[in-house]
Each structure stands twice: as structure tokens, then as C-alpha cells.
Amino acid sequence: MPENVVPLHKHTDPPADTAAVTTLTVVPDAPPARPVPLWVRSGRAVKTAVTHERTRSAGRSVVRHTLYTFNGGRIVARRTWDGRTGSRYERMIRAAEAAGNLEAAEEWEERLQRFRAARHHRRMDLLHSPVDAAKGVAAGAGMSVGLLVALGIVMAISTADAGHVITPLTATIDFIALIIRIVQVVWGPALTIGPFLALLALWSVGRKQHAAPAWALPANVRTGEGEPITPSIVVKALRDLGVPALARAIKEMGDAGASMLGPITIAGCGVEVDVTLPSGVSTNEVQSKRRKLAENLTRHEHEVFITIPTAARTVRLWIADSGALDEPIGPSPLVTDDTMTADYTKGRAPWGQDLRGDAAALSLYQRHLLITGLSNQGKTVALRSLALWLSLDRSVQLLMGDLKGVGDWAMFDGLATTLIQGPTDEHVIQVTEMVEGAVDEMNRRIQAPPGTTFPPLIVLVDEAQVAFMCPAKDADKRPYGGSKANSRYFMAVRKIHNQGRAVNVLMWQGTQDPTNENLPKLVREGAHTRASLALGTESQARMALGDKAVDGGAAPNLLRPGLDRGTLVVASDGITIPAGQSSITVRTHYIDDDAATAITDRAKALRDGVTTLHAIERSEEHDPLADIAGVIGDAPRVRTKDVLARLAARNAGAYGGWSFLDLKRVLDDAGAGPYKSDGVMVVSRDRVARALADRDSDSDSDSDSEGSASAE
């Protein structure tokens with residue numbers, strides 16, 4: 001069979017009367033493979049060898065060790081030059097003058113003068129040293145020969161042999177001859193090995209100083225992370241920033257850019273330095289290159305913060321120690337100090353630490369609050385920690401709406417006057433009516449006689465974006481959400497922002513992922529304290545903090561989602577901000593649910609007992625005496641102004657306009673009138689309960705009488 005004929009199928013059992021049937025097909029000959037030229041194979045082999053990791057590692061090793069030796073020689077030469085001249089002192093004088101430290105400059109100048117004087121004396125001594133050396137050698141040689149001859153005379157007398165007179169002298173000559181012979185033998189190899197030993201010493205110096213390019217260094221050295229920040233490193237980082245005018249100005253400066261830098265000071269877990277930019281370089285050119293500047297400083301982007309102080313053409317750099325911002329901060333003083341109390345008027349809430357490591361405390365007095373950020377970044381914990389501190393002031397009243405409804409605020413049950421928890425439209429309606437009740441209380445306070453003081457009323461809504469996005473409408477077709485003039489939640493918040501501060505009615509809100517739809521412009525700009533966790537874009541950062549803070553260096557959009565959880569950028573006059581800055585970065589304390597429950601238990605112990613409402617009563621029918629008993633709760637007595645505030649929160653439509661006279665009228669009619677206790681007017685729980693019991697018994701008696709009359 002020909003080679004190009006291949007059997008495809010063959011019947012194994014052909015009929016007896018026929019020959020075996022075989023199915024065949026013809027396959028054309030495949031073209032012969034063309035041989036690869038030798039020069040192509042050689043080129044591929046060379047390319048593979050050049051790009052192989054072992055080849056590159058070997059090349060880097062050769063370059064590294066060669067430059068270790070070469071640059072080691074430069075280092076030794078520089079050290080020798082510094083030791084023989086005053087260049088070291090001159091460098092220190094220039095650096096001190098650039099830093100503005102004139103005292104240090106004068107001290108180094110005095111040291112330079114002393115060094116020059118000592119060097120002059122040494123050089124003058126060299127003029128007389130040859131004669132003095134010759135005289136010293138002659139005198140020493142004569143004395144040595146005399147001593148050897150005297151020693152020989154003693155030996156000759158001792159042995160009675162005159163030949164021993166020269167024995168010490170001949171022994172010394174023989175010893176000198178032996179030394180000469182040893183030197184003659186060793187000299188040749190020493191001349192051969194000496195240069196290699198010198199090169200080895202230079203290599204050792206270069207290796208210790210890592211005197212090679214970064215790409216040639218070993219991997220564990222090449223990163224350079226953790227390198228201390230020095231003036232030369234800062235200037236080099238600025239020079240290599242990619243701003244031509246800045247690089248050119250640094251090269252033209254006589255002090256190599258040192259005059260741009262202020263003192264490098266330790267600031268918490270990092271250092272801080274002010275950089276005065278040369279003419280022609282704007283601050284935003286440096287701000288826009290934050291990542292490159294951080295990498296030039298061998299830091300990550302989140303470890304370098306650039307702010308704009310008051311001085312013209314100046315940027316302030318805060319550079320963290322490598323990895324320091326990934327370390328957690330300590331626990332909150334609220335957790336560690338069981339005796340801590342709060343003072344709404346004069347106190348400050350312990351919120352966390354700034355980047356310097358100093359305690360960051362926030363004043364809440366008459367300041368509306370807004371905290372925003374991406375989801376799951378610690379917004380609720382940061383907001384809750386402020387409410388936990390403020391709850392330790394027994395005069396503070398809390399109205400709370402949690403539109404997430406997963407129990408983050410459940411520990412305030414029995415502490416807050418109203419606590420609504422849930423994410424549905426019905427919960428939004430309840431929260432809206434709660435805020436509107438606070439507006440009625442605000443209006444009642446505004447109409448009070450001048451000089452009247454009111455307890456702080458904090459209206460707190462977490463996940464407020466749910467309220468703004470709610471599509472529900474009331475019976476009059478007014479939307480609860482949105483940002484129009486007829487939007488109920490929006491308008492209630494705006495009214496509190498406009499006038500609530502004057503009568504201690506304050507609005508606190510926490511929102512997620514701010515946009516113009518879920519956080520209207522008028523609402524976010526009405527907050528006195530604005531704080532932001534990690535955000536996605538710069539436009540969101542401007543919504544959260546305002547243009548002034550962002551233009552001044554605030555950049556919550558550069559925080560790392562997940563990794564910088566709990567880190568806030570705060571713009572407020574209620575927190576200490578370094579001079580010239582418009583914001584401050586705060587790493588907040590983390591207070592878990594168990595610790596928060598323990599704090600609220602302490603806060604409840606400071607109060608007479610609070611009955612928490614979980615819904616807003618909409619019924620038109622109401623019983624003032626029963627409602628008064630309900631808001632008093634288990635406390636033996638409650639101040640009249642607290643009773644009025646609780647009634648307004650319970651049913652704003654019925655009691656929002658009540659004054660002390662209205663309360664007194666109802667109580668006097670029931671025989672449970674208010675009275676003074678410790679100088680303040682209070683309402684007695686027992687008196688109100690007795691009045692209710694008497695009224696109910698009277699009602700039963702009247703019912704029985706009517707029943708008897710009808711029976712007759």
C-alpha cells in the first residue's frame with residue numbers, strides 16, 4: 001500500500017462470496033517543516049538569557065557592588081576632606097541660617113574659628129618639627145647606645161669576660177637586621193594584597209551607606225520605607241516633583257533649597273515642616289501632586305498631608321512615620337473613666353486623636369452637626385460617641401431617629417425622650433413628625449419672656465438620606481422627602497437650622513454618600529460642625545465640608561475606604577484647628593455596643609427616669625393629666641420645664657404651645673399643683689397619681705349613680 005493511502009474503515013467479516021471491502025482515503029503530503037536559521041535561534045536564546053530574572057539579578061548585583069566600592073571611596077574622601085577642612089562647620093552654619101536658628105549659627109561659627117586656630121598652630125609647628133625631630137633622634141640614639149654599653153659593662157664585670165661589653169649592642173643590631181629581613185619578605189605580598197584590602201574597606205563603607213541606585217539595591221533595602229525625614233530628603237522630594245519652576249529654583253539656590261524649609265518638628269506619629277515656595281510656584285501645584293510627593297518621601301499617599309497655612313506661598317507638610325497610621329489609637333476616656341460627666345455649655349466631647357497624637361475634643365454648645373461618608377466607615381459610631389458623652393449631662397434632652405433600624409441606638413431606650421428605629425416610609429413619617437414637634441418646641445421657646453433659659457434639646461437623625469429620599473406624601477399631597485419648599489422633613493430641618501441655636505434646639509444628622517438629592521445644599525450648609533469620613537470623589541468632599549475646607553487642603557476623598565475606618569476630616573470652630581488651617585483630621589475612638597450600653601446605664605443613673613416614646617401619637621383626643629403622669633414616669637418629682645418639654649415631644653400638636661400657666665391650671669384643677677423643691681418648681685408623681693385615682697373613683701361613682709337612677 002502506498003504511504004499516502006490510509007485505511008479509514010474495514011469490514012472484519014466480509015461476505016464469503018466477495019472479497020474484503022476496504023474504505024480508503026488519500027491524504028496529501030504535508031509540507032516539510034522549514035528549519036529555523038541558526039542566527040534566529042541564537043537571538044532568541046540571547047533574549048531569553050537577558051530577560052531572565054537571574055540574569056537581571058546578577059546584573060544588579062554587579063552594578064551594586066561596583067558602585068559600593070566607587071561611592072565608598074567618595075564617602076571616605078568626603079570624610080577626609082571634612083576632617084581636614086572647615087567645610088562641615090560651614091554646612092552646619094548654612095543649615096542653621098536657613099532654619100532661622102541664629103544662635104545655632106553663631107555657635108557653629110565659634111567652633112569653626114577654634115578649628116582654624118588649632119589648624120594654624122599645627123601648621124606652624126610643622127616648620128620646626130624636622131629640626132626638633134633630628135635633635136630628638138640624635139639624643140635618643142646616643143642615650144640608647146650609652147645604655148647598651150653600660151649594660152654590656154655590667155655583664156662583663158659579672159662574667160669576668162671583656163667581650164660581653166658589646167653583647168647588648170650586637171644583639172640590638174641583629175634584632176634590627178631581623179626586622180629588616182621580615183619587612184623584605186612581607187613587603188612584596190603586602191604591595192600586592194594592600195590595594196585589594198583598601199578596595200574591600202571602601203566596599204564595606206559603601207555597603208553600609210547603601211551607596212548605589214535604588215533599582216540596584218536588594219529588595220529589602222530598595223523600598224526605603226521608614227527612612228527618617230531630613231531636610232535633604234524633603235528638598236530632593238520637592239525637586240523631583242515634576243514642577244519645572246520649582247526644580248529650576250532649587251538648583252539655582254546657593255544653599256541647595258535649604259532656605260525653603262522651616263524647622264522640621266516632631267508632630268505626633270510623624271513630623272511637620274513648612275515649605276516656602278519660590279516665586280513662580282503656586283501651592284496648588286504641590287497639592288495636586290500629593291501621591292508623587294509621598295512616594296518621593298518613601299511614604300504611602302495616605303501618610304502625607306498637605307495643608308495651606310496663613311503665610312503666602314507656603315505649604316505645610318505632615319509626614320507620618322511609616323505604618324504609624326495603621327496602628328489603632330487607645331480607648332475612649334468615656335470607657336476608661338467611670339466617673340466622667342459632661343457639661344454641654346463649657347465641656348468638650350473626647351472624640352479621638354489628631355495626627356499629632358494630641359487629644360481631639362469637640363465643643364457641642366449651640367452647634368448643628370453633620371457627619372457624612374461612605375457606608376460602613378464608622379459614621380454611626382462617631383456620631384454615637386458624641387451623643388454618649390452628651391447624655392452624661394442630665395439637663396440634655398434627646399429626640400432620636402434611627403432610619404437604619406438595626407439596633408445601633410437601642411441603648412438610648414430609657415434615656416431619650418423619643419427613639420424611633422426603622423427604615424420604612426412609616427418610620428420616616430414618624431421621624432418627620434418628631435422633628436416638626438421640635439420645631440413647635442423651638443417656637444414656644446422663642447416666644448418665652450426674654451432672659452428665659454432652656455435645657456438643650458438635641459434632635460438626632462441617623463441615616464438622614466432615607467428621609468430626604470422618601471417618596472411618601474401626606475393627606476395634603478405634601479411630600480415628606482425631597483428638597484422643595486413643601487417638603488416636610490427638609491423644611492423642618494431648615495427651620496431648626498435657622499432659629500434653633502438661639503434657644504438650644506440643635507439638629508444632628510448622619511448621612512451616607514452625599515449627593516445633591518440625598519443631602520440638599522441648604523441643609524448641609526446649615527451645620528456649624530461638618531465632618532466627613534472616606535468619600536469617593538472631590539465633589540463629594542466639597543458637599544460634605546464646603547469649598548473653603550477643601551481648597552485649604554481637606555481631602556476626605558483621599559482617605560482609604562475600609563483601612564481608614566473611623567478617620568474623620570472635621571471643619572468646625574468647636575475643635576482646635578492649627579493656625580492657618582481650615583480643617584483637621586481626627587482618628588476617632590471606637591466604642592462598641594457593650595461599652596456604649598455601660599455608658600448609657602451611667603447616664604440613666606444620673607436622671608430621675610425617662611419614659612421613651614417609640615412612636616408619635618397622632619390622636620386628636622388627649623388626656624392632659626394622664627399625659628403628665630406618662631412623661632413623669634417613675635421619677636418622684638420632675639421640674640416643670642422638663643414636663644413641658646416632654647409633653648411637647650409627646651404630642652406637639654396638643655402641647656407644643658403650652659406655657660407654665662397652662663400646666664399649672666391643669667394640675668391645680670386636679671388638686672396636684674406644682675410646688676417648689678430646692679428652689680425650683682416641680683411636679684410630684686404621687687400627687688398626679690393620686691389625682692388620677694381620685695378622678696377615676698369619682699367617675700365610677702358617677703356611673704353607679706346614673707345606673708341606679710335609670711333602674712328606678
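Everything numeric here is computed off the predicted structure, so don't read it as measured data.
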Answer yes or no: is there a donor N or O on one side and an acceptor on the other, between the side chain of [X] and the main chain of [Y], under 3.5 Å?
X	Y	answer
K495	D440	no
R607	D393	yes
H589	P350	no
D662	S659	yes
R690	R685	no
T432	V428	yes
R478	K473	no
R587	T567	no
R367	Y365	yes
R646	V631	yes

Between [X] and [Y], does at least one N-O distance fall below 4.0 Å, as a salt bridge requires?
X	Y	answer
D642	R639	yes
D686	R637	no
D476	R488	no

Subject >> Selection residues 384-405 - residue pairs positive for ring pair (Phe, Tyr, Trp, His ring centres under 6.0 Å), sequence neighbours left out >> reply: none
**OP:** With sequence neighbours excluded, give me every ring pair (Phe, Tyr, Trp, His ring centres under 6.0 Å) pair touching residues 457-486.
**Re:** F468-Y489
Within a 6.0 Å radius of atom [atom1] on [X], are there more than 12 heavy atoms belonging to other residues, nucleotides or ligands?
X	atom1	value
D678	CG	no
K641	NZ	yes
D634	CG	no

Original post:
Do the rings of F412 and W409 sit parallel, tilted or perpendicular, given the 30° and 60° boundaries?
Top reply: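 It falls in the tilted class, 30° to 60°.
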Subject >> W508: partners by ring-ring contact (aromatic ring centres under 6.0 Å, His included), with sequence neighbours left out >> reply: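 W508 satisfies ring-ring contact (aromatic ring centres under 6.0 Å, His included) with no residue once adjacent residues are dropped.
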**OP:** Give the intermediate values and the outcome of side-chain contact (heavy atoms from CB on, under 4.5 Å) for residues W351 and L386.
**Re:** CA-CA 7 Å; W351 211 7; L386 297 177; 3.7 Å; yes
Minimum heavy-atom distance [X]-[Y], with the two atoms named:
X	Y	answer
S487	G481	OG-O, 2.9 Å
M434	L460	CE-O, 4.3 Å
S483	F490	O-CE2, 3.6 Å
A691	L625	CB-CD2, 4.1 Å
G414	T612	N-OG1, 2.7 Å
L364	A349	CD1-CB, 4.3 Å

**OP:** Take L647 and I628 through the side-chain contact (heavy atoms from CB on, under 4.5 Å) test and state the conclusion after the steps.
**Re:** CA-CA 7 Å; L647 285 172; I628 292 171; 4.0 Å; yes
Considering the options [options], which one meets the side chain to side chain contact (heavy atoms under 4.5 Å, CB included) requirement together with [X]?
X	options	answer
R444	E441, Q447, M442	E441
I458	L390, L399, L369	L390
Q540	N557, D513, T372	D513

Extract all donor-acceptor atom pairs below 3.5 Å that involve side chains of residues 500-507 and protein atoms in other chains or at least two apart in sequence.
| unit_1 | atom_1 | unit_2 | atom_2 | d |
| --- | --- | --- | --- | --- |
| R501 | NE | Q366 | O | 3.0 |
| N504 | OD1 | Y344 | OH | 3.0 |
| N504 | OD1 | Q366 | NE2 | 3.3 |
| N504 | ND2 | F454 | O | 3.3 |

Original post:
For the atom pair CG (L519) and CD (E525), what is the distance rounded to the nearest 0.5 Å?
Top reply: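 Result: 10.0 Å between the selected atoms.
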**OP:** Give, for atom SG of C470 and atom CD1 of I429, the distance between the pair rounded to the nearest 0.5 Å.
**Re:**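 Nearest 0.5 Å value for the SG-CD1 distance: 6.0 Å.
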Original post:
Going through the distances and angles, do N518 and T515 end up as a side-chain hydrogen bond (donor to acceptor under 3.5 Å, both in side chains)?
Top reply: CA-CA 6 Å; N518 63 26; T515 64; 3.3 Å; yes
Subject >> Steps toward side-chain contact (heavy atoms from CB on, under 4.5 Å) verdict (I575, V586) >> reply: CA-CA 10 Å; I575 193 170; V586 177; 3.9 Å; yes
Tabulate below the donor-acceptor pairs under 3.5 Å that side-chain atoms of residues 373-384 make, not counting sequence neighbours, or state none.
| unit_1 | atom_1 | unit_2 | atom_2 | d |
| --- | --- | --- | --- | --- |
| Q377 | OE1 | G562 | N | 3.0 |
| Q377 | NE2 | S375 | O | 3.4 |
| K379 | NZ | D462 | OD1 | 3.0 |
| K379 | NZ | E463 | OE2 | 3.0 |
| T380 | OG1 | D462 | OD2 | 2.9 |
| R384 | NH1 | D408 | O | 2.9 |
| R384 | NH1 | D593 | OD1 | 2.8 |
| R384 | NH2 | I591 | O | 2.8 |
| R384 | NH2 | D593 | OD1 | 3.2 |

**OP:** In sequence, state the C-alpha distance, the side-chain angles, and the governing distance for M491 and I496, and then conclude on side-chain contact (heavy atoms from CB on, under 4.5 Å).
**Re:** CA-CA 9 Å; M491 289 306 298; I496 294 178; over 6 Å; no
**OP:** Apply side chain to side chain contact (heavy atoms under 4.5 Å, CB included) to Q421 and list each qualifying residue two or more places apart in sequence or on a separate chain.
**Re:** D402, A410, L419
